[in-house]
Amino acid sequence: MIVRDPQAIRGDWSTRPRDALPDGPARLAALVGAEAGEPMRHGKRLGWPFPPGGLLIHLGMSGAWVPGEEPPHARVGLRFGDAVWWFRDPRRFGALIPCPAARLADRLAAGLGPDALLAALPGPALAARFRTRAAIKVALMDQGRLAGLGNIHAAEALFRARIHPAIPANALSDDQWEALSRAIVDQLRDAIDAQQDGELVYLTEGGPNPFAVYGREGEPCPRCGTPIARIALGGRSTFYCPRCQPAP
DNA sequence: CCCTCTGTTGGATT
DNA sequence: CAATCCAACAGAGG
């Protein structure tokens, strides 16, 4: 185990290096020699047992695990046999949280709604979790309502469902909830499939933009050709097609 | 070179 | 409540 940045090791789900665990490196070192168990996921969080210890992981905005030579911005390296896997995280919002194996599952799900893929909800159940006047796009990104959608996949799911991102969540029709329920699952499944035989991880890693509307302001909608629009919702850029996703 | 803007997350503040 | 700011850093553009 190699710790390049002790502040990547946190005591709780925090995006801030200042919330580093004081004895973080020692707590991580306690995992050395343990046999890895089956990793678990809930929303954007990971839990990885190394009984009797374990590790909770959040990649933040820019975190990734990469094998091989030490990359720039390496925070922690874990050795598995001959291979070293590096936690690389330029923006330092990612967190590695030591946690007893017995507590992993609880802490993994604490404060989160159901996982958008593992516990996908049919339309009516989805609607029940979104009784708010907040814009549907903002509500979709609230991990306490539904866990797993961030800025990119919330926008992409709304495009698939043909729903304008600024519509108040509690104003959607039954048909729209049904469409959104399917769109969320389809979006996440397709995104995961694309990553398994490609490397479409982040927009900034070079290569073409793999998304239908995200990051495509002014470009033609892939469905109707209308220029993609961009607005800010909840302080974040949101992309949509003004024709396929009509305003409320 | 310097300054400003933007960003894949999430929490606190206003 | 909804909008704004902030954390921390890099890259792009003026």
Side-chain angles (χ1 to χ4, degrees), chain A residues 4-21 41-46 56-66 71-76 87-97 107-113 115-116 130-159 165-171 184 187-188 190-192 194-195 198-218 228-239 248:
Chain A
R4 297 285 187 238
D5 175 18
Q7 292 185 307
I9 307 166
R10 314 260 163 87
D12 205 344
W13 298 110
S14 166
T15 58
R16 291 161 162 73
R18 57 183 300 184
D19 293 330
L21 192 60
R41 181 189 68 77
H42 192 119
K44 306 180 194 178
R45 301 175 177 172
L46 297 170
L56 293 164
I57 299 166
H58 195 301
L59 299 179
M61 277 180 88
S62 59
W65 287 97
V66 295
H73 309 294
R75 305 298 171 190
V76 169
F87 180 58
R88 179 193 68 195
D89 187 21
R91 290 176 208 174
R92 302 181 77 207
F93 289 160
L96 307 180
I97 306 167
R107 292 188 66 187
L108 186 69
L112 299 185
D115 182 87
F130 284 83
R131 298 197 201 285
T132 171
R133 303 190 315 243
I136 181 61
K137 160 79 164 22
V138 174
L140 278 178
M141 292 170 57
D142 178 349
Q143 305 298 299
R145 295 182 185 276
L146 185 70
L149 292 177
N151 199 30
I152 291 177
H153 297 299
E156 295 290 306
L158 287 169
F159 172 72
I167 297 179
N170 62 9
I184 288 170
Q187 172 61 29
L188 292 178
D190 287 356
I192 291 167
Q195 293 202 8
E199 59 280 345
L200 307 178
V201 182
Y202 290 134
L203 204 53
T204 50
E205 281 190 357
N209 176 352
F211 306 114
V213 292
Y214 183 85
R216 292 195 183 277
E217 181 183 18
I228 298 300
R230 168 187 176 172
I231 57 175
L233 287 177
R236 248 136 205 137
S237 282
T238 295
F239 302 86

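Just so it is clear: chains get the letters A, B, ... in the order the sequence lines come, proteins before strands, and each one is counted from 1.
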Contact class for A:R92 (heavy atom, under 4.0 Å): base, sugar-phosphate, or nothing?
sugar-phosphate
Counting the atoms with a prime plus P, OP1 and OP2 as sugar-phosphate, which does A:G150 contact under 4.0 Å by heavy atoms, base, sugar-phosphate, or nothing?
sugar-phosphate
Within this structure, what is the CG-to-P distance between A:L233 and C:dC1, rounded to whole angstrom?
18 Å
Please tell me which of the listed nucleotides, B:dG10, C:dA2, C:dC9, lies nearest to the side chain of A:Q143?
B:dG10
Distance check needed: C:dA8 P versus A:D19 CG, whole Å only.
10 Å
Pairwise P distance, B:dC5 and C:dC5 [rounded to whole Å]
12 Å
Any A:R45 side-chain heavy atom under 4.5 Å of A:R107 side chain
no
Would you say a side-chain N or O of A:S62 is under 4.0 Å from OP1 or OP2 of C:dC9?
no
Which nucleotide sits closest to the side chain of A:H73: C:dA7, C:dA10, B:dT8?
C:dA10
How far does the P atom of B:dT13 sit from the matching atom of C:dA8, given to the nearest Å?
15 Å
From the list B:dT9, C:dC9, B:dG10, which nucleotide is the closest neighbour of the side chain of A:M61?
B:dT9
Starting at CE of A:M141 and ending at P of C:dA3, how long is that distance when rounded to a whole Å?
13 Å
Does A:G94 reach a base, just sugar-phosphate, or nothing at all? Heavy atoms under 4.0 Å.
nothing
Length of the CZ-C1' vector between A:R91 and B:dT8, whole Å
7 Å
Using a heavy-atom cut-off of 4.0 Å across all strands, would you classify A:A134 as base, sugar-phosphate, or nothing?
sugar-phosphate
Among B:dT9, C:dA7, B:dT6, the one nearest A:H58 by side-chain distance
B:dT9
Could you please name the option among B:dT8, B:dT6, B:dT9 that lies closest to any side-chain atom of A:R230?
B:dT6
Go through B:dG10, B:dG7, C:dA8 for me and flag the one nearest to the A:F93 side chain.
C:dA8
Check the pair A:H58, A:R10 against side-chain contact (heavy atoms from CB on, under 4.5 Å), reporting the backbone distance first and the verdict last.
CA-CA 10 Å; A:H58 195 301; A:R10 314 260 163 87; over 6 Å; no
Parallel, tilted or perpendicular: which describes the rings of A:F239 and A:Y214, with under 30° parallel and over 60° perpendicular?
perpendicular
Looking only at B:dT8, B:dG10, C:dA8, the nucleotide nearest the A:K44 side chain is B:dG10
Measure CG/A:D12 against P/B:dA12 and give the value in whole Å, please.
11 Å
Nearest to the A:R236 side chain among C:dA2, B:dG10, B:dG7, which nucleotide is it?
B:dG10
Length of the line joining A:R10:CZ and B:dG11:P, which is rounded to integer Å:
12 Å
Do A:H153 and A:L188 touch side chain to side chain, with heavy atoms closer than 4.5 Å?
yes
Base paired to C:dC5 (Watson-Crick or G-U; both N/O distances under 3.5 angstrom)
B:dG11
What is the distance, to the nearest angstrom, from the CZ atom on A:R45 to the C1' atom on B:dG11?
12 Å
Check every strand shown and say whether A:S14 touches a base, only sugar-phosphate, or nothing at a heavy-atom separation below 4.0 Å.
nothing
Are A:D5 and A:D89 close enough that some pair of their side-chain heavy atoms sits under 4.5 Å apart?
no
Would you indicate whether the side-chain heavy atoms of A:L21 and A:I97 approach each other to under 4.5 Å?
no
Heavy-atom distance under 4.5 Å between the side chains of A:F130 and A:D142, does that happen here?
no
In whole angstrom, give me the gap between the C1' atoms of B:dG10 and C:dG11.
22 Å
In whole Å, measure the gap between the P atoms of B:dT6 and C:dT4 for me.
13 Å
How close or far is atom P of B:dT6 from atom CD of A:E217, stated in whole angstroms?
10 Å
